[in-house]
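Written out below as C-alpha coordinates is the structure these notes cover.
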Amino acid sequence: MFKRSFSIIDRYVFKELLLTWLAVAMVLLLILLSAVLARLLGDAAAGKIPNDAVWQLLMITGMQYLVLLVPLSLYLGVLLSFSRLYKDNEMAAMGACGISMASLYRPLLMVVIPTTAALLYLTLLVMPWVSQQAELLKIDIESRSQLTGLSAGRFNEFGESTIFPQRQSDDGEYMYNVFLHKDIVKEQNKLTENIESADATRRYKDEQGRHFILFERGRSYEGEPGHVDFKITRYEKKGIYVPDNKSTRQVSRKGSIEVRELWASNRTDYQAELYRRISLPIAAFLLAILALPLSYTTPRKGRYSKLGLAILIYLVYSNLLGVSETWIEKQQIDVWLGFLWVHGLAALLIVYWWLKRAGGIKQLMLKKKVARHV
(Lines give C-alpha, C1' and ligand atoms only; values in the text may rest on other atoms or scores of the structure.)
Protein backbone atom coordinates (compact mmCIF):
# COMPACT_ATOMS: atom_id res chain seq x y z
CA MET A 1 0.00 0.00 0.00
CA PHE A 2 2.84 2.35 0.85
CA LYS A 3 4.60 1.71 -2.45
CA ARG A 4 1.43 2.26 -4.44
CA SER A 5 0.52 5.53 -2.70
CA PHE A 6 3.92 7.19 -2.91
CA SER A 7 6.38 7.44 -5.75
CA ILE A 8 10.05 6.54 -5.71
CA ILE A 9 10.91 10.23 -5.31
CA ASP A 10 8.59 10.50 -2.30
CA ARG A 11 10.20 7.53 -0.59
CA TYR A 12 13.69 8.78 -1.42
CA VAL A 13 13.04 12.27 -0.02
CA PHE A 14 11.24 10.81 3.00
CA LYS A 15 14.23 8.60 3.84
CA GLU A 16 16.65 11.51 3.38
CA LEU A 17 14.60 13.77 5.67
CA LEU A 18 14.11 11.14 8.36
CA LEU A 19 17.75 10.09 8.59
CA THR A 20 19.06 13.67 8.59
CA TRP A 21 16.60 14.75 11.25
CA LEU A 22 17.48 11.80 13.51
CA ALA A 23 21.19 12.46 13.03
CA VAL A 24 20.86 16.16 13.90
CA ALA A 25 18.67 15.40 16.93
CA MET A 26 21.09 12.75 18.19
CA VAL A 27 24.15 14.99 17.82
CA LEU A 28 22.50 17.94 19.59
CA LEU A 29 21.20 15.71 22.39
CA LEU A 30 24.59 14.07 22.94
CA ILE A 31 26.32 17.46 23.10
CA LEU A 32 23.91 18.75 25.73
CA LEU A 33 23.87 15.53 27.75
CA SER A 34 27.65 15.31 27.82
CA ALA A 35 27.79 18.78 29.36
CA VAL A 36 25.06 17.86 31.86
CA LEU A 37 26.81 14.60 32.76
CA ALA A 38 30.10 16.40 33.39
CA ARG A 39 28.33 18.88 35.68
CA LEU A 40 26.46 16.14 37.57
CA LEU A 41 29.62 14.10 38.07
CA GLY A 42 31.36 17.20 39.37
CA ASP A 43 28.51 17.84 41.81
CA ALA A 44 28.59 14.21 42.94
CA ALA A 45 32.36 14.36 43.48
CA ALA A 46 31.95 17.57 45.49
CA GLY A 47 29.26 15.95 47.63
CA LYS A 48 26.43 18.20 46.44
CA ILE A 49 24.28 15.32 45.19
CA PRO A 50 24.26 11.59 46.03
CA ASN A 51 26.11 9.33 43.61
CA ASP A 52 23.06 7.15 42.98
CA ALA A 53 21.03 10.16 41.77
CA VAL A 54 23.34 11.09 38.88
CA TRP A 55 21.80 8.79 36.27
CA GLN A 56 18.24 9.56 37.36
CA LEU A 57 18.88 13.28 36.96
CA LEU A 58 20.57 12.65 33.62
CA MET A 59 17.56 10.69 32.27
CA ILE A 60 15.08 13.33 33.41
CA THR A 61 17.19 16.14 31.97
CA GLY A 62 17.54 14.18 28.73
CA MET A 63 13.76 13.94 28.38
CA GLN A 64 13.37 17.67 28.99
CA TYR A 65 16.08 18.50 26.45
CA LEU A 66 14.64 16.10 23.89
CA VAL A 67 11.29 17.92 23.83
CA LEU A 68 13.02 21.27 23.42
CA LEU A 69 15.32 19.96 20.67
CA VAL A 70 12.62 18.44 18.45
CA PRO A 71 11.60 21.75 16.78
CA LEU A 72 15.20 22.85 16.21
CA SER A 73 16.45 19.44 15.02
CA LEU A 74 13.48 18.97 12.68
CA TYR A 75 13.99 22.47 11.27
CA LEU A 76 17.71 21.94 10.68
CA GLY A 77 17.18 18.41 9.41
CA VAL A 78 14.75 19.56 6.71
CA LEU A 79 16.98 22.50 5.81
CA LEU A 80 20.14 20.40 5.47
CA SER A 81 18.36 17.62 3.56
CA PHE A 82 16.97 19.86 0.84
CA SER A 83 20.17 21.95 0.76
CA ARG A 84 22.08 18.79 -0.08
CA LEU A 85 19.62 17.97 -2.84
CA TYR A 86 20.13 21.46 -4.27
CA LYS A 87 23.91 21.22 -3.95
CA ASP A 88 24.06 17.86 -5.76
CA ASN A 89 21.71 19.16 -8.53
CA GLU A 90 19.09 16.57 -7.58
CA MET A 91 16.46 19.27 -7.15
CA ALA A 92 17.26 20.57 -10.62
CA ALA A 93 16.84 17.06 -12.01
CA MET A 94 13.50 16.70 -10.22
CA GLY A 95 12.34 20.04 -11.62
CA ALA A 96 13.31 18.94 -15.13
CA CYS A 97 11.16 15.84 -14.63
CA GLY A 98 8.14 17.99 -13.71
CA ILE A 99 8.38 17.63 -9.93
CA SER A 100 7.48 21.00 -8.40
CA MET A 101 8.53 22.29 -5.02
CA ALA A 102 4.92 22.02 -3.81
CA SER A 103 4.89 18.27 -4.52
CA LEU A 104 7.87 17.84 -2.20
CA TYR A 105 5.67 18.73 0.73
CA ARG A 106 4.09 15.28 0.51
CA PRO A 107 7.22 13.40 1.75
CA LEU A 108 7.98 16.32 4.06
CA LEU A 109 4.59 16.08 5.75
CA MET A 110 5.10 12.33 6.11
CA VAL A 111 7.87 13.20 8.55
CA VAL A 112 6.54 16.44 10.02
CA ILE A 113 2.96 15.43 10.90
CA PRO A 114 3.83 12.32 12.98
CA THR A 115 6.68 14.19 14.64
CA THR A 116 4.57 17.19 15.66
CA ALA A 117 1.77 14.86 16.82
CA ALA A 118 4.23 12.96 19.00
CA LEU A 119 5.63 16.25 20.29
CA LEU A 120 2.13 17.45 21.17
CA TYR A 121 1.54 14.22 23.10
CA LEU A 122 4.83 14.64 24.93
CA THR A 123 4.30 18.28 25.88
CA LEU A 124 0.70 17.86 27.01
CA LEU A 125 0.73 14.44 28.69
CA VAL A 126 4.22 13.05 29.24
CA MET A 127 6.28 16.08 30.28
CA PRO A 128 4.02 16.99 33.27
CA TRP A 129 4.74 13.52 34.65
CA VAL A 130 8.47 13.95 33.96
CA SER A 131 8.41 17.31 35.75
CA GLN A 132 6.67 15.69 38.73
CA GLN A 133 9.36 13.02 38.90
CA ALA A 134 12.06 15.70 38.69
CA GLU A 135 10.55 17.63 41.58
CA LEU A 136 10.12 14.48 43.69
CA LEU A 137 13.71 13.51 43.01
CA LYS A 138 15.00 16.97 43.99
CA ILE A 139 12.95 16.91 47.18
CA ASP A 140 14.18 13.41 47.96
CA ILE A 141 17.81 14.44 47.41
CA GLU A 142 17.46 17.45 49.71
CA SER A 143 15.47 15.68 52.40
CA ARG A 144 17.52 12.48 52.46
CA SER A 145 20.25 12.12 55.01
CA GLN A 146 23.23 14.18 54.04
CA LEU A 147 25.40 11.13 54.56
CA THR A 148 25.14 10.14 50.90
CA GLY A 149 26.48 13.52 49.88
CA LEU A 150 29.58 13.36 52.04
CA SER A 151 33.01 12.60 50.66
CA ALA A 152 35.38 10.26 52.48
CA GLY A 153 38.84 11.50 53.40
CA ARG A 154 37.89 15.18 53.62
CA PHE A 155 36.15 17.62 55.97
CA ASN A 156 32.52 18.20 54.95
CA GLU A 157 30.07 20.88 55.98
CA PHE A 158 27.14 19.16 57.69
CA GLY A 159 24.56 21.77 58.66
CA GLU A 160 26.16 23.65 61.56
CA SER A 161 28.74 20.91 62.06
CA THR A 162 31.86 19.58 60.41
CA ILE A 163 32.13 15.88 59.70
CA PHE A 164 35.12 13.81 58.59
CA PRO A 165 34.56 10.20 57.44
CA GLN A 166 37.74 8.22 56.84
CA ARG A 167 36.20 5.57 54.59
CA GLN A 168 32.93 5.03 52.73
CA SER A 169 31.16 1.93 51.43
CA ASP A 170 30.70 1.54 47.68
CA ASP A 171 26.96 2.27 47.82
CA GLY A 172 27.44 5.33 50.07
CA GLU A 173 25.21 3.81 52.74
CA TYR A 174 27.89 3.36 55.42
CA MET A 175 30.84 5.47 56.51
CA TYR A 176 33.56 4.29 58.87
CA ASN A 177 35.78 6.00 61.48
CA VAL A 178 33.65 9.15 61.49
CA PHE A 179 34.52 12.35 63.36
CA LEU A 180 31.94 15.11 63.94
CA HIS A 181 32.56 18.51 65.54
CA LYS A 182 29.90 20.97 66.66
CA ASP A 183 30.00 24.17 68.73
CA ILE A 184 26.99 24.88 70.92
CA VAL A 185 26.55 28.36 72.45
CA LYS A 186 24.72 28.25 75.76
CA GLU A 187 23.74 30.89 78.34
CA GLN A 188 26.08 33.74 79.33
CA ASN A 189 27.99 33.30 76.07
CA LYS A 190 29.60 30.15 77.44
CA LEU A 191 30.84 28.06 74.51
CA THR A 192 30.43 24.32 74.82
CA GLU A 193 32.27 22.08 72.40
CA ASN A 194 30.70 18.82 71.28
CA ILE A 195 32.64 16.10 69.49
CA GLU A 196 31.29 12.80 68.24
CA SER A 197 33.32 9.88 66.96
CA ALA A 198 32.01 6.52 65.83
CA ASP A 199 33.24 3.35 64.21
CA ALA A 200 30.44 3.48 61.61
CA THR A 201 27.49 5.63 60.55
CA ARG A 202 24.53 4.97 58.30
CA ARG A 203 21.31 6.56 57.13
CA TYR A 204 18.11 5.95 59.08
CA LYS A 205 14.48 6.95 58.53
CA ASP A 206 11.85 6.54 61.23
CA GLU A 207 8.15 5.77 60.85
CA GLN A 208 7.25 9.48 60.61
CA GLY A 209 9.60 9.97 57.66
CA ARG A 210 12.23 11.90 59.63
CA HIS A 211 15.85 11.41 58.62
CA PHE A 212 18.72 10.61 60.98
CA ILE A 213 22.37 9.71 60.88
CA LEU A 214 22.83 6.69 63.12
CA PHE A 215 26.21 6.60 64.89
CA GLU A 216 27.22 3.06 65.92
CA ARG A 217 29.80 2.16 68.58
CA GLY A 218 30.58 5.80 69.27
CA ARG A 219 31.89 8.20 71.86
CA SER A 220 30.70 11.70 72.73
CA TYR A 221 32.95 14.39 74.21
CA GLU A 222 31.28 17.52 75.63
CA GLY A 223 32.81 20.39 77.55
CA GLU A 224 34.19 23.90 77.53
CA PRO A 225 37.30 24.51 75.39
CA GLY A 226 40.43 25.07 77.52
CA HIS A 227 39.14 23.07 80.47
CA VAL A 228 39.80 19.46 81.39
CA ASP A 229 36.36 18.65 82.78
CA PHE A 230 34.99 17.08 79.60
CA LYS A 231 32.04 14.74 79.79
CA ILE A 232 32.76 11.48 77.93
CA THR A 233 29.91 9.18 76.99
CA ARG A 234 30.19 5.83 75.25
CA TYR A 235 27.19 4.41 73.44
CA GLU A 236 26.24 1.58 71.15
CA LYS A 237 23.88 3.59 68.91
CA LYS A 238 22.93 7.27 68.70
CA GLY A 239 20.80 9.09 66.12
CA ILE A 240 21.46 12.67 65.01
CA TYR A 241 18.42 14.29 63.45
CA VAL A 242 18.79 15.83 60.00
CA PRO A 243 16.03 18.44 59.45
CA ASP A 244 14.33 18.68 56.07
CA ASN A 245 15.41 21.55 53.87
CA LYS A 246 12.37 23.83 53.70
CA SER A 247 13.51 25.31 50.39
CA THR A 248 12.68 22.01 48.71
CA ARG A 249 9.01 22.62 49.45
CA GLN A 250 9.00 25.85 47.45
CA VAL A 251 9.58 24.25 44.06
CA SER A 252 7.50 25.67 41.22
CA ARG A 253 4.72 23.27 40.17
CA LYS A 254 3.76 24.92 36.90
CA GLY A 255 5.57 22.43 34.72
CA SER A 256 4.06 19.42 36.49
CA ILE A 257 0.40 20.44 36.34
CA GLU A 258 -1.82 18.35 34.07
CA VAL A 259 -3.21 19.96 30.95
CA ARG A 260 -6.87 19.70 31.96
CA GLU A 261 -6.14 21.68 35.14
CA LEU A 262 -4.34 24.33 33.09
CA TRP A 263 -7.22 24.48 30.62
CA ALA A 264 -9.85 24.95 33.36
CA SER A 265 -7.87 27.56 35.30
CA ASN A 266 -8.17 31.33 34.96
CA ARG A 267 -4.74 31.99 36.46
CA THR A 268 -2.54 33.87 34.05
CA ASP A 269 0.57 31.85 34.91
CA TYR A 270 -1.33 28.65 34.14
CA GLN A 271 -2.56 30.10 30.84
CA ALA A 272 1.01 31.07 29.96
CA GLU A 273 2.17 27.52 30.73
CA LEU A 274 -0.56 26.08 28.50
CA TYR A 275 0.44 28.53 25.76
CA ARG A 276 4.05 27.36 25.99
CA ARG A 277 3.13 23.68 25.75
CA ILE A 278 0.88 24.12 22.71
CA SER A 279 3.19 26.59 20.97
CA LEU A 280 6.10 24.14 20.87
CA PRO A 281 4.47 21.66 18.41
CA ILE A 282 3.03 24.55 16.34
CA ALA A 283 6.48 26.10 16.08
CA ALA A 284 7.98 22.75 15.06
CA PHE A 285 5.44 22.39 12.25
CA LEU A 286 5.82 25.94 10.93
CA LEU A 287 9.62 25.86 11.04
CA ALA A 288 9.70 22.60 9.08
CA ILE A 289 7.37 24.08 6.45
CA LEU A 290 9.56 27.18 6.26
CA ALA A 291 12.74 25.13 5.84
CA LEU A 292 11.80 23.90 2.34
CA PRO A 293 11.74 27.27 0.48
CA LEU A 294 14.50 28.57 2.76
CA SER A 295 16.82 25.70 1.82
CA TYR A 296 17.36 26.87 -1.78
CA THR A 297 21.03 27.10 -2.67
CA THR A 298 23.39 26.54 -5.58
CA PRO A 299 26.21 23.98 -5.94
CA ARG A 300 28.74 26.79 -5.68
CA LYS A 301 27.36 28.12 -2.38
CA GLY A 302 27.12 24.72 -0.66
CA ARG A 303 24.53 23.11 1.60
CA TYR A 304 25.40 25.27 4.64
CA SER A 305 24.91 28.65 2.96
CA LYS A 306 21.52 29.27 4.62
CA LEU A 307 22.43 27.78 8.00
CA GLY A 308 23.32 31.10 9.64
CA LEU A 309 20.10 32.76 8.44
CA ALA A 310 18.08 29.74 9.54
CA ILE A 311 19.53 29.83 13.06
CA LEU A 312 18.87 33.57 13.28
CA ILE A 313 15.23 33.02 12.31
CA TYR A 314 14.91 30.27 14.92
CA LEU A 315 16.39 32.45 17.67
CA VAL A 316 14.09 35.35 16.86
CA TYR A 317 11.06 33.03 16.72
CA SER A 318 11.86 31.32 20.03
CA ASN A 319 12.52 34.65 21.75
CA LEU A 320 9.20 36.03 20.48
CA LEU A 321 7.47 32.97 21.94
CA GLY A 322 9.12 33.70 25.28
CA VAL A 323 8.11 37.35 25.11
CA SER A 324 4.53 36.41 24.29
CA GLU A 325 4.44 33.94 27.20
CA THR A 326 5.63 36.67 29.56
CA TRP A 327 3.02 39.11 28.27
CA ILE A 328 0.28 36.53 28.80
CA GLU A 329 1.46 35.88 32.35
CA LYS A 330 1.46 39.63 33.08
CA GLN A 331 -2.04 40.02 31.52
CA GLN A 332 -0.77 42.39 28.85
CA ILE A 333 -2.31 40.33 26.01
CA ASP A 334 -4.87 37.53 25.72
CA VAL A 335 -3.87 33.95 24.98
CA TRP A 336 -5.47 33.95 21.51
CA LEU A 337 -3.54 37.10 20.59
CA GLY A 338 -0.32 35.46 21.76
CA PHE A 339 -0.93 32.59 19.35
CA LEU A 340 -1.97 34.89 16.52
CA TRP A 341 0.83 37.41 16.37
CA VAL A 342 3.82 35.10 16.87
CA HIS A 343 2.73 32.17 14.74
CA GLY A 344 1.10 34.56 12.29
CA LEU A 345 4.48 36.21 11.71
CA ALA A 346 5.96 32.77 11.06
CA ALA A 347 3.20 32.02 8.55
CA LEU A 348 3.85 35.34 6.77
CA LEU A 349 7.53 34.48 6.64
CA ILE A 350 6.67 31.17 4.96
CA VAL A 351 4.56 33.00 2.36
CA TYR A 352 7.38 35.47 1.74
CA TRP A 353 9.98 32.79 1.10
CA TRP A 354 7.56 30.87 -1.07
CA LEU A 355 6.95 33.90 -3.25
CA LYS A 356 10.64 34.70 -3.35
CA ARG A 357 11.47 31.15 -4.39
CA ALA A 358 8.75 31.27 -7.08
CA GLY A 359 10.13 34.55 -8.50
CA GLY A 360 7.45 36.85 -7.09
CA ILE A 361 3.69 37.16 -7.57
CA LYS A 362 3.93 38.19 -11.24
CA GLN A 363 6.09 35.19 -12.11
CA LEU A 364 3.75 32.90 -10.22
CA MET A 365 0.69 34.26 -12.08
CA LEU A 366 2.53 33.90 -15.40
CA LYS A 367 3.28 30.25 -14.68
CA LYS A 368 -0.38 29.63 -13.96
CA LYS A 369 -1.44 31.24 -17.27
CA VAL A 370 1.05 29.16 -19.21
CA ALA A 371 -0.15 26.03 -17.45
CA ARG A 372 -3.77 26.81 -18.40
CA HIS A 373 -2.98 27.33 -22.04
CA VAL A 374 -0.92 24.19 -22.19
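Note that these values count all heavy atoms, side chains included, but never hydrogens, waters or copies made by symmetry. Along the sequence shown, residues carry numbers from 1.
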Could you tell me if the side chain of [Y] sits less than 4.5 Å from the side chain of [X], heavy atoms only?
| X | Y | value |
| --- | --- | --- |
| L348 | Y352 | no |
| L120 | L124 | yes |
| I313 | L349 | yes |
| V342 | Y275 | yes |
| E222 | I232 | no |
| F82 | L104 | yes |
| V36 | R39 | yes |
| S295 | V78 | no |

Which atom pair, heavy atoms only, marks the closest approach of [X] to [Y]?
| X | Y | value |
| --- | --- | --- |
| L321 | A283 | CD1-CB, 4.1 Å |
| S103 | D10 | O-OD1, 4.4 Å |
| I333 | G338 | CD1-CA, 3.9 Å |
| Y314 | L287 | CD1-CD1, 3.7 Å |

Hey, what do you get for [atom1] ([X]) to [atom2] ([Y]), rounding to the nearest 0.5 Å?
| X | Y | atom1 | atom2 | value |
| --- | --- | --- | --- | --- |
| L119 | L69 | CG | CG | 11.0 Å |
| Y270 | E329 | OH | CD | 11.5 Å |
| I113 | L108 | CD1 | CG | 9.0 Å |
| Q166 | M175 | CD | CE | 12.0 Å |
| S83 | L294 | OG | CG | 8.0 Å |
| T297 | K306 | OG1 | NZ | 6.5 Å |

Is there a donor-acceptor contact under 3.5 Å from the side chain of [X] to the main chain of [Y]?
| X | Y | result |
| --- | --- | --- |
| S324 | L320 | no |
| T61 | L58 | no |
| Y75 | A310 | yes |

Hydrophobic clusters here meaning ILVMFWY residues chained together by side-chain heavy-atom distances under 4.5 Å, can you tell me if [X] and [Y] are in one?
| X | Y | result |
| --- | --- | --- |
| V67 | L125 | yes |
| M59 | V130 | no |
| M26 | L19 | no |
| M63 | W55 | yes |
| L292 | I311 | yes |

Item to complete: Walk me through it: do E216 and E236 pass the test side chain to side chain contact (heavy atoms under 4.5 Å, CB included)?
Response: CA-CA 6 Å; E216 300 179 352; E236 186 64 26; 6.0 Å; no
For F179, look at atom CZ and say whether over 12 heavy atoms of other residues, nucleotides or ligands are found less than 6.0 Å away. yes
Using a distance-only test with no angle check, is there a side-chain donor-acceptor pair under 3.5 angstrom linking [X] and [Y]?
| X | Y | answer |
| --- | --- | --- |
| H343 | Y317 | yes |
| S220 | T233 | no |
| Y12 | E90 | yes |

The salt bridge (Lys or Arg N to Asp or Glu O under 4.0 Å) partners of R219 (sequence neighbours excluded) come to D199
request  = Check step by step if side chain to side chain contact (heavy atoms under 4.5 Å, CB included) holds for I282 and L286.
outcome  = CA-CA 6 Å; I282 296 176; L286 292 176; 4.0 Å; yes
When L22, L74, V111 are each screened for side-chain contact (heavy atoms from CB on, under 4.5 Å) with L17, the one that passes is V111
Should L262 and R277 be marked as a side chain to side chain contact (heavy atoms under 4.5 Å, CB included) after you check the CA-CA gap, both sets of side-chain angles, and the distance that decides it? CA-CA 10 Å; L262 296 176; R277 295 185 191 179; 3.4 Å; yes
Aromatic ring centroids of W336 and W341 under 6.0 Å? no
Lys/Arg cation over aromatic F14: R11, 6.0 Å, 45° cone:
no
**Report entry** Verdict with reasoning, F285 to T115, per side chain to side chain contact (heavy atoms under 4.5 Å, CB included)
**Finding:** CA-CA 9 Å; F285 182 83; T115 303; over 6 Å; no
Start with the C-alpha gap between Y235 and E196, add the side-chain angles, then the distance that decides, and say whether side chain to side chain donor-acceptor pair (under 3.5 Å) holds.
CA-CA 11 Å; Y235 53 85; E196 303 278 348; 2.7 Å; yes
| message | Looking at R84 and E16, is there a salt bridge between them, counting it only when a charged N and a carboxylate O are closer than 4.0 Å? | response | yes
In short, ring pair (Phe, Tyr, Trp, His ring centres under 6.0 Å) pairs touching residues 84-120 with sequence neighbours left out are Y86-Y296, Y105-W354
